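The next block holds one structure in the form of structure tokens; read it before the comments.
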Amino acid sequence: MRHIFRSRPVPTEETHRVTAFEVFFDLVFVFAFTRVISFMAQSPSPLVLGHGLVLLLLLWWPFTSYVWLANQVRADVGLVRAGMLVVMAAIFVAALVLPDAWRHGNQPVRAPLILALAYIVVRAMFLALSLHISGGNRRLRVQVLLLTIPTALGWLPLLLGVVLGGAAQTVLWAVAFLVIDVVGSRIIVAFGGFPLRSPSHGAERYGLVLIIALGVSLTSVGAGAGSAVTRWPVLTAALLGLTAAVCLWWLYFENAASPAGKALARLRDRGRATTAADAYALNHFLLIAGVIYLALGTEQVLGHVTHNQPRHPTGAPLGWTATAALYGGVVLYLTGRVLFLRLTVRHTPRAQVLAVGVVLVLLPIARNLPTLVALGVLSTVLVALVCYERITWEPTAAAR
């Protein structure tokens, strides 16, 4: 354990696994995910759902950056650990002000400005720590210096959005997080290829944050039910929400995670780095966003069932926004899993592609169904998909 107290970075090996400190670090991001759900639940509307997506981008790209950093050197050592503790504080502060992230009219800029500054601290610390660990690796140092270009450019629309507020803030922040930060960084990776030392570490880290996010979706059930959980419609809705979460867990961790991790381990050098960037750093955003929107939709279902007693025992029909969050979350998740399998094991599960189409067709129908029935139909589709894959899936063939 003596190496934990060193100030010099300790390179990881190919067999490196996730440390307890990294799991602790990830919990701050997951707390921020819960705050995004709270932000969208305040007044669900198409615009607010879009705002939530922008906020998820704000959180996701720094998370992927620090996954890569901890893949290069031990995260629980010296200056790297100290820097990541600073990042944890910045993300925690950002999460606290997330519900007031958008400025409207003459509202003060305090919360949006704090959020923007926290994001800048997170990204600046990543650049500083990356330069610290590059040491004598000239190629890596050049890559990090190139990365400062899209990172710094992303700060300009971020701060300008704070000043302007409203629709301008939405557009500018989307540009800052998606077009400049994500796309710009991805171009650098494509040309230079950031190394990936331990594929097992990377795959495990993304799997852990996904399973924690699924746990967060279950807390939304409690938030929506409140003290009325003993009523049979509320209890039924809660169990249906649990069923949907279990199905999403099964679809990833039973059939996708292991063969994908093995396929990544067989790759070398640039091929490994590119696949990791596409399948994990980018594509897992769809999985996380899907879980978050499903959690929001489930919370809205529980709220409808709870507050429409006894006039509507099974809940009045959901509005378009809540239905889109509920069914759209599943569409995002299933689409992300299809792309994930395609990028890693070169396998496209046709049944899941069909399931995506079925959920999309059912979305406008579910809008007019009682709330409990709408959630039941969605859970039934997921259970049917799980059962079908349970019978027909051949993981060894998919891995090849």
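These figures come from a predicted structure and were not determined experimentally.
Under a 4.5 Å side-chain heavy-atom criterion applied to ILVMFWY residues, the cluster that includes V18 comprises V23, L208 as well. Apart from V338 itself, the hydrophobic cluster it occupies contains V353, where clustering links Ile, Leu, Val, Met, Phe, Trp and Tyr at side-chain heavy-atom distances under 4.5 Å.
Annotation for Q42: atom CD counts as buried by contact number, over 12 foreign heavy atoms lying within 6.0 Å. More than 12 heavy atoms of other residues, nucleotides or ligands sit less than 6.0 Å from atom CZ of R268.
Looking only at side-chain heavy atoms (C-beta outward), Y206 and L287 stay at 4.5 Å or farther from each other. Between L360 and Y327 the shortest side-chain heavy-atom distance does not fall below 4.5 Å. Looking only at side-chain heavy atoms (C-beta outward), F253 and L210 come within less than 4.5 Å of each other. The closest side-chain heavy-atom distance from L296 to F39 is not below 4.5 Å. The shortest distance between side-chain heavy atoms of P112 and Q169 falls below 4.5 Å. Using a 4.5 Å cut-off on side-chain heavy atoms (C-beta onward), L131 and L127 make no contact. At least one side-chain heavy atom of I133 sits under 4.5 Å from a side-chain heavy atom of V80. By the 4.5 Å heavy-atom criterion applied to side chains, N255 and L251 are not counted as neighbours.
Between the CZ atom in R272 and the CZ atom in R266 there is a gap of 11.5 Å [rounded to 0.5 Å]. Interatomic distance, R81 CZ to L129 CG, rounded to the nearest 0.5 Å: 13.0 Å. Taken from CG in L282 to CG in L339, the straight-line distance is 11.0 Å, to the nearest 0.5 Å. With rounding to the nearest 0.5 angstrom, the SG atom of C247 is 9.5 Å from the CG atom of L378. Once rounded to the nearest 0.5 Å, the distance linking CG of L286 with CZ of F340 reads 12.0 Å.
Annotation: Y252 is not in aromatic contact with Y333 [ring centroid separation under 6.0 Å not met].
Electrostatic pairing of E389 and R337 counts as a salt bridge here, judged by a charged N lying under 4.0 Å from a carboxylate O. Ion pairing between a basic and an acidic side chain is recognised when a charged N comes within 4.0 Å of a carboxylate O; R197 and E14 show no such pairing.
Residues V383 and L218 do not share a hydrophobic cluster, defined by chaining ILVMFWY side chains whose heavy atoms lie under 4.5 Å apart. Cluster annotation: W249 is connected to V330 through the hydrophobic network of ILVMFWY side chains, with a link wherever side-chain heavy atoms come within less than 4.5 Å. At a threshold of 4.5 Å between side-chain heavy atoms, the hydrophobic network of Ile, Leu, Val, Met, Phe, Trp and Tyr places V86 and F24 in one connected group. If you chain together hydrophobic residues whose side chains sit under 4.5 Å apart, V361 and L294 never meet in one group. In the hydrophobic cluster analysis, where Ile, Leu, Val, Met, Phe, Trp and Tyr join through side-chain heavy atoms closer than 4.5 angstrom, V331 is grouped apart from Y388.
Of all non-hydrogen atoms in S379 and T243, the two that sit nearest each other are CB-CG2, 4.4 Å. Annotation for L115 and A94: closest pair CD1-CB, 3.4 Å, computed over non-hydrogen atoms. When all heavy atoms are compared, the tightest approach of P259 to V345 is O-CG1, 3.5 Å. Taking every heavy atom of both residues into account, L363 and G328 meet most closely at CD1-N, 4.4 Å. Across all non-hydrogen atoms, the minimal contact from V73 to P9 is CG1-CB, 3.8 Å. For the residue pair A237 and L375, the shortest heavy atom distance occurs at O-CD2, 3.5 Å.
Among residues two or more places apart in sequence or in another chain, the side-chain hydrogen bond (donor to acceptor under 3.5 Å, both in side chains) test is passed with R367 by none. Residues forming a side-chain hydrogen bond (donor to acceptor under 3.5 Å, both in side chains) with D26 (at least two apart in sequence, or on another chain): R205. Residues satisfying the side-chain hydrogen bond (donor to acceptor under 3.5 Å, both in side chains) criterion with T19, sequence neighbours excluded, are E22. For S65, the side-chain hydrogen bond (donor to acceptor under 3.5 Å, both in side chains) test picks out R123, with sequence neighbours left out.
No donor-acceptor contact under 3.5 angstrom links the side chains of H201 and T12, judged on distance only.
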Next on the checklist: Set out, in order, the CA-CA distance, both residues' side-chain angles and the distance that settles side-chain hydrogen bond (donor to acceptor under 3.5 Å, both in side chains) for S130 and W68, then state yes or no.
Outcome noted: CA-CA 10 Å; S130 298; W68 173 85; over 6 Å; no
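Judged by distance alone, the side chain of H51 and the main-chain N or O of M40 form no donor-acceptor pair under 3.5 Å.
Between Y66 and the options F21, F29, F126, a ring-ring contact (aromatic ring centres under 6.0 Å, His included) holds for only F126.
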